[in-house]
Amino acid sequence: MKQITHSFEYQIFDSSSELQPADRDLLDKAKEAINGSYAPYSHYHVGAAVRLANGMIFKGSNQENMSFPAGLCAERVAIFAAASSFPEVPVATVAISARAEQFDVSEPVPPCGMCRQAIVEYEMKFGNKIRIILGGQSGEVFVFNGMGTLLPLAFHEKGLAK
Ligand code: THU
C-alpha cells in the first residue's frame, strides 16, 4: 500500500483590478456574458468567456430549461461554441463569473464537476493546460494554471478514442 498526497497551487488576487490586462478583459467578458443568461428557475446567472490560442474570444451563459436536466452551464455553452467554431485551435483560458438575483456574488464561482470534466477534455485534446479565472461580481479572483488542479484524476480512457 502507498499513500499519495495531491496538492495544488493557485493565485488569489484581491480584486480584478490586480489581474494582468488580458485576464481582466476576459473576466469582464465573462461578466458581460451573464446578460445572456436564461435562469428563470434558479435565478442564478452565470457567464463564461473562453480565449482561444488564436486570440478569439467566445462567450456563453447558463441556459435553463423547464425540464431541468436539459439546461446547460455557462462554461459548456462557451467552450462548445469555441471548440465547434475552431476545432483545431487550442483553448488557452476560461473565465467564469456569476450574478444572483437574491444575494451578492462576492466570491469566485467554481465550475461544477461536469464543466471541469468538459474543460479537461480540451486539455487532453490539445496537450496544453487551460488557465482558469474565477471571479464574482466583486471580491477576490482566483487563477488556476490548468483544470487538472481542480479535477485531479479526471476520467480518461484513451481506448475510447480508438
Ligand atoms: N451553473 C453554471 O452555469 N455553471 C456551473 O459551473 C455551475 C452552475 C448554472 C446551472 C444553473 O443554471 C445555475 O447555475 C444554478 O445551478
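Atoms within each ligand, like the ligands themselves, are counted from 1 in listed order. Since we're looking at a predicted model, the values are computed, not measured. FYI, the numbering just counts along the sequence from 1.
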Has Arg76 got a side-chain atom pairing as donor or acceptor with Ala118's backbone, closer than 3.5 angstrom? no
Name each donor-acceptor pair under 3.5 Å that joins a side chain in residues 138-149 to protein atoms two or more places apart or in another chain, with its distance.
| unit_1 | atom_1 | unit_2 | atom_2 | d |
| --- | --- | --- | --- | --- |
| Thr149 | OG1 | Gly146 | O | 2.7 |

Show me a pair-per-line table, with atom names and distances to 0.1 Å, of protein N or O atoms that are under 3.5 Å from an N or O of ligand 1.
| unit_1 | atom_1 | unit_2 | atom_2 | d |
| --- | --- | --- | --- | --- |
| ligand 1 | 3 (O) | Ala74 | N | 2.9 |
| ligand 1 | 4 (N) | Glu75 | OE1 | 2.8 |
| ligand 1 | 4 (N) | Glu75 | OE2 | 3.4 |
| ligand 1 | 6 (O) | Glu75 | OE1 | 3.4 |
| ligand 1 | 6 (O) | Glu75 | OE2 | 2.7 |
| ligand 1 | 6 (O) | Cys112 | N | 2.8 |
| ligand 1 | 12 (O) | Asn62 | ND2 | 2.9 |
| ligand 1 | 12 (O) | Glu64 | OE2 | 2.5 |

Below 3.5 Å, can you tabulate the donor-acceptor pairs from side chains in residues 98-115 to any protein atom, sequence neighbours excluded?
| unit_1 | atom_1 | unit_2 | atom_2 | d |
| --- | --- | --- | --- | --- |
| Glu101 | OE1 | His43 | ND1 | 3.0 |
| Glu101 | OE2 | His45 | NE2 | 2.6 |

Check salt bridge (Lys or Arg N to Asp or Glu O under 4.0 Å) between Asp25 and all other residues, then give those that pass, not counting sequence neighbours. Lys29, Arg51
Can you tell me if Gln63 and Ser61 form a side-chain donor-acceptor pair at under 3.5 Å? yes
Ser97 side chain vs Gly135 backbone, donor-acceptor pair below 3.5 Å: yes
